[in-house]
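Everything on this sheet refers to the single structure shown next.
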Amino acid sequence: MDTRDRMIVGTLWIGVAALMAITLEPGVPQTLDDAARLFVIVVALFLAVLYLFDPWELLSRQPFH
């Protein structure tokens with residue numbers, strides 16, 4: 001996956017996290033629904049960091065080429 005593709009996918013994951021954050025009320029999650037939304041935000045941000053920075057070079061390696 002080249003750098004341009006990783007930037008696009010990382011930006012999309014940041015957009016997903018932002019949309020989910022809009023629906024979350026400020027403060028500590030009171031219900032299971034709020035906790036699930038917070039979990040989705042954390043996972044989306046993790047995936048954004050993974051695609052944007054590729055810290056472990058998981059996307060740079062191409063084992064099938």
Side-chain angles (χ1 to χ4, degrees):
M1 184 174 262
D2 63 351
T3 305
R4 182 174 182 264
D5 291 341
R6 287 189 3 232
M7 294 294 276
I8 290 170
V9 173
T11 305
L12 287 173
W13 279 117
I14 290 174
V16 168
L19 284 174
M20 290 301 293
I22 290 171
T23 64
L24 195 62
E25 294 185 19
V28 178
Q30 298 295 326
T31 64
L32 187 60
D33 185 42
D34 289 341
R37 288 181 187 174
L38 185 61
F39 177 74
V40 169
I41 292 169
V42 169
V43 169
L45 289 175
F46 172 75
L47 289 172
V49 167
L50 182 68
Y51 276 100
L52 290 174
F53 300 113
D54 196 15
W56 301 289
E57 297 181 7
L58 295 173
L59 304 172
S60 300
R61 285 187 249 158
Q62 297 182 357
F64 299 111
H65 289 125

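Heavy atoms only: backbone and side chains are in, while hydrogens, waters and symmetry mates are out. Keep in mind it's a predicted model, so treat the numbers as computed, not measured.
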Transitive ILVMFWY side-chain link L47 to F53, under 4.5 Å = no

Determine whether V49 and L52 fall in the same hydrophobic cluster, where Ile, Leu, Val, Met, Phe, Trp and Tyr are linked whenever their side-chain heavy atoms lie under 4.5 Å apart.
-> yes

Should side-chain heavy atoms under 4.5 Å link Ile, Leu, Val, Met, Phe, Trp and Tyr, which residues sit in the same cluster as V28?
-> none

Partners meeting side-chain contact (heavy atoms from CB on, under 4.5 Å) with V42 (sequence neighbours left out) | none

Could you identify which residues cluster with L32, counting Ile, Leu, Val, Met, Phe, Trp and Tyr as linked when any side-chain heavy atoms lie under 4.5 Å apart, either directly or through a chain of such contacts?
-> none

Please table the atom pairs, donor to acceptor, closer than 3.5 Å between any side-chain atom in residues 2-22 and protein atoms at least two apart or in another chain.
residue	atom	partner	partner atom	Å
D2	OD1	D5	N	3.2
R6	NE	Y51	O	3.1
T11	OG1	M7	O	2.7

With sequence neighbours excluded, give me every salt bridge (charged side-chain N to carboxylate O under 4.0 Å, His left out) pair touching residues 24-36.
-> D33-R37

